[in-house]
Amino acid sequence: MGIHNLAKLIADFAPSAMKEQEMKSYFGRKIAIDASMCIYQFLIAVRSDGAQLANEDGEVTSHLVGLFYRTIRMIDNGIKPAYVFDGKPPDLKSGELVKRKERRQEAEKELEKAKEAGDTENVQKFERRLVRATPQHNEDCKKLLKLMGIPYVEAPGEAEAQCVALVNGDKVYGVGTEDMDALTFGTKVMLRQPHTSEAKKLPVQEYSFNKVLEGLNLSHEEFIDLCILMGCDYCGTIRGIGPKRAIELIQKHKNIEAVLENIDQKKYPPPEGWLFKQARELFKHPDVTPAEDIELKWTDPDEEGVVDFMCKRFGFNEERIRNGCQKLKKGRKGATQGRLDSFFTVVANKSSNKRKAEEMNGKKSKKAKGSFKKRK
DNA sequence: CCCGTCC
DNA sequence: TCCTCTGACCCAAGACGGG
DNA sequence: TGGGTCCGAGGAC
């Protein structure tokens with residue numbers, strides 16, 4: 001998943017494209033998040049003695065624990081998440097998916113071996129490697145989100161691409177992800193792991209797409225070709241060409257076709273039947289629902305519904321769940337208030353410089369729309 | 001800060 | 001010789017709070 | 001599964 005080494009390349013060649021912000025400065029912001037990715041991570045990480053958390057009937061709850069508390073944490077910080085669920089992966093990804101399937105089968109064998117040998121350490125290791133978010137997990141999470149009053153979107157294709165559509169269609173401020181290919185899809189703003197920053201006392205890393213292009217001195221099309229050269233999920237790469245050579249070649253020749261004409265293909269052989277054109281097309285025109293067809297609404301949680309679902313069905317501690325619901329209600333009010341507040345400073349120049357206003361106590365005049373002064 | 005608990 | 005890529009290896013991937 | 005690090009094998013110069 002993602003673009004190989006892209007974060008490092010940006011750090012090296014376009015450092016100003018990333019700025020670090022305090023969590024607080026995102027108060028009132030809406031953010032799109034790839035739900036499938038979160039669920040997967042929760043299933044892997046939320047464990048006790050190496051096993052997933054579960055209710056008395058053995059139904060897994062790790063994904064619900066993770067989603068519940070992370071969402072509350074964000075709302076509590078005035079950040080409004082909208083979750084996006086994966087649809088069908090594009091056909092081009094099937095090669096990658098076949099590889100993953102093979103690795104799975106490998107892990108299954110290893111798991112059997114470890115079980116027979118009574119090697120608990122390896123059993124856990126390979127169980128973890130076999131984790132996959134099932135339709136049931138997804139449904140559980142959708143139900144919970146609905147009860148919590150948090151909006152979600154079911155993407156026709158890749159969740160990441162749908163998140164980008166929401167950003168660029170001005171439904172949300174940015175996409176919160178670890179997956180750098182959000183930038184390849186062209187997201188105006190990308191936030192890296194906005195949820196962890198508070199807990200770990202780390203700043204949020206904010207990437208600006210325009211500054212990435214500016215810093216690398218590339219157009220969006222050239223940038224896509226660069227990403228393909230460096231390695232994406234959709235097709236192979238040219239052996240012997242890594243980030244350094246890739247960026248040099250794209251800057252010089254502008255696209256992969258021209259690169260191929262100008263390198264010694266004996267020394268740098270492209271993959272057999274290389275599908276770079278199809279990959280390029282996928283990044284340019286991914287299968288997404290247009291943002292204008294999507295309405296995102298944050299509402300108060302249905303506390304009794306949440307308690308019923310989480311406690312009755314999944315055996316969660318009622319006090320904690322009710323506590324969480326209270327935080328949701330409180331945080332939502334604050335965030336709604338805050339959004340209005342920041343509206344005045346934010347909307348003014350959205351694409352380029354965003355707002356330094358927060359610190360500088362903004363005075364803006366460019367781009368008329370909504371550029372009042374920040375009050376307070 | 002570390003380490004156990006959450007279910 | 002220098003630079004760049006590759007492949008091997010290891011590790012950790014959540015959130016939270018009590019002690 | 002990906003990321004970080006470290007080392008050896010090539011081409012690049």
Side-chain angles (χ1 to χ4, degrees), chain A residues 1-9 11-12 33-34 36-77 96-97 99-104 106-107 110 121-122 124-133 137 140-141 144 177-181 192-202 229-233 236-249 263-269 309-321 323-324 327:
Chain A
M1 213 141 280
I3 308 299
H4 200 237
N5 275 323
L6 182 54
K8 189 159 191 307
L9 179 125
D12 290 346
I33 294 170
D34 179 343
S36 313
M37 175 119 315
C38 294
I39 294 170
Y40 173 75
Q41 284 168 345
F42 292 139
L43 290 172
I44 287 183
V46 182
R47 278 159 189 265
S48 178
D49 295 326
Q52 286 160 323
L53 302 187
N55 69 3
E56 289 178 342
D57 300 335
E59 291 179 289
V60 171
T61 55
S62 293
H63 55 313
L64 297 171
V65 178
L67 187 68
F68 185 70
Y69 289 112
R70 178 180 290 182
T71 303
I72 286 168
R73 160 167 281 280
M74 284 193 280
I75 292 284
D76 202 34
N77 278 283
E96 171 71 19
L97 295 178
K99 266 190 232 156
R100 286 186 199 172
K101 200 169 191 176
E102 283 166 7
R103 274 180 244 142
R104 266 185 93 71
E106 194 68 23
E110 293 293 328
E121 196 169 313
N122 269 334
Q124 289 175 15
K125 175 173 158 190
F126 290 111
E127 265 174 0
R128 228 169 264 228
R129 207 168 290 185
L130 285 168
V131 163
R132 193 164 42 172
H137 295 137
D140 294 342
C141 289
L144 176 60
T177 184
E178 193 56 7
D179 197 338
M180 295 298 287
D181 60 14
R192 267 187 126 186
Q193 301 290 70
H195 49 87
T196 53
S197 59
E198 251 276 296
K200 294 184 180 168
K201 302 274 189 286
L202 294 169
L229 270 184
M230 292 203 302
C232 65
D233 283 353
T237 59
I238 303 174
R239 167 170 254 272
I241 293 186
K244 297 268 163 55
R245 284 175 189 144
I247 188 165
E248 201 171 311
L249 287 167
I263 55 173
D264 182 346
Q265 296 197 17
K266 297 255 158 45
K267 285 171 190 157
Y268 298 104
F309 182 68
M310 293 293 270
C311 306
K312 294 247 171 65
R313 163 126 187 248
F314 285 107
F316 279 69
N317 177 296
E318 182 167 339
E319 195 188 323
R320 291 183 186 173
I321 297 300
N323 217 314
K327 275 192 184 170

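Proteins get letters first, then strands, A, B, ... in listed order; numbering begins at 1 in each.
Across all strands shown, dC13(D) forms no Watson-Crick or G-U wobble pair with both key distances under 3.5 Å.
A distance-only check finds no donor-acceptor pair linking the side chain of D49(A) to the backbone of A51(A) [under 3.5 Å].
Atom name P, nucleotides dC16(C) and dT1(D): the rounded distance is 28 Å, in whole Å. Comparing the C1' positions of dC6(B) and dC11(C) gives a spacing of 24 Å, expressed to the nearest Å.
At whole-Å resolution of the value, NE2 in H137(A) and C1' in dC7(B) are 13 Å apart. Distance E56(A) CD to dC6(B) P: 13 Å, rounded to the nearest Å.
The N317(A) side chain lies nearest to dC7(B) when the options are dC5(C), dC7(B), dG11(D). Between dG11(D), dC7(B), dT4(C), one nucleotide has an atom nearer to the side chain of K244(A) than all others, and that is dT4(C).
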With sugar-phosphate taken as primed atoms, P, OP1 and OP2 and all else as base, the protein-contact string of nucleotides 9-19 of chain C at under 4.0 Å (heavy atoms; B, S, -) is ----BBSS---

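The side chain of K267(A) places an N or O atom within less than 4.0 Å of a non-bridging phosphate oxygen (OP1 or OP2) of dA12(D).
Within 4.0 Å (heavy atoms only), Y268(A) reaches sugar-phosphate atoms of the nucleic acid but no base atom.
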Applying the Watson-Crick and G-U criteria (both distances under 3.5 angstrom) with [ ] for crossing and | for other-strand pairs, one obtains for DNA chain B ||||||.

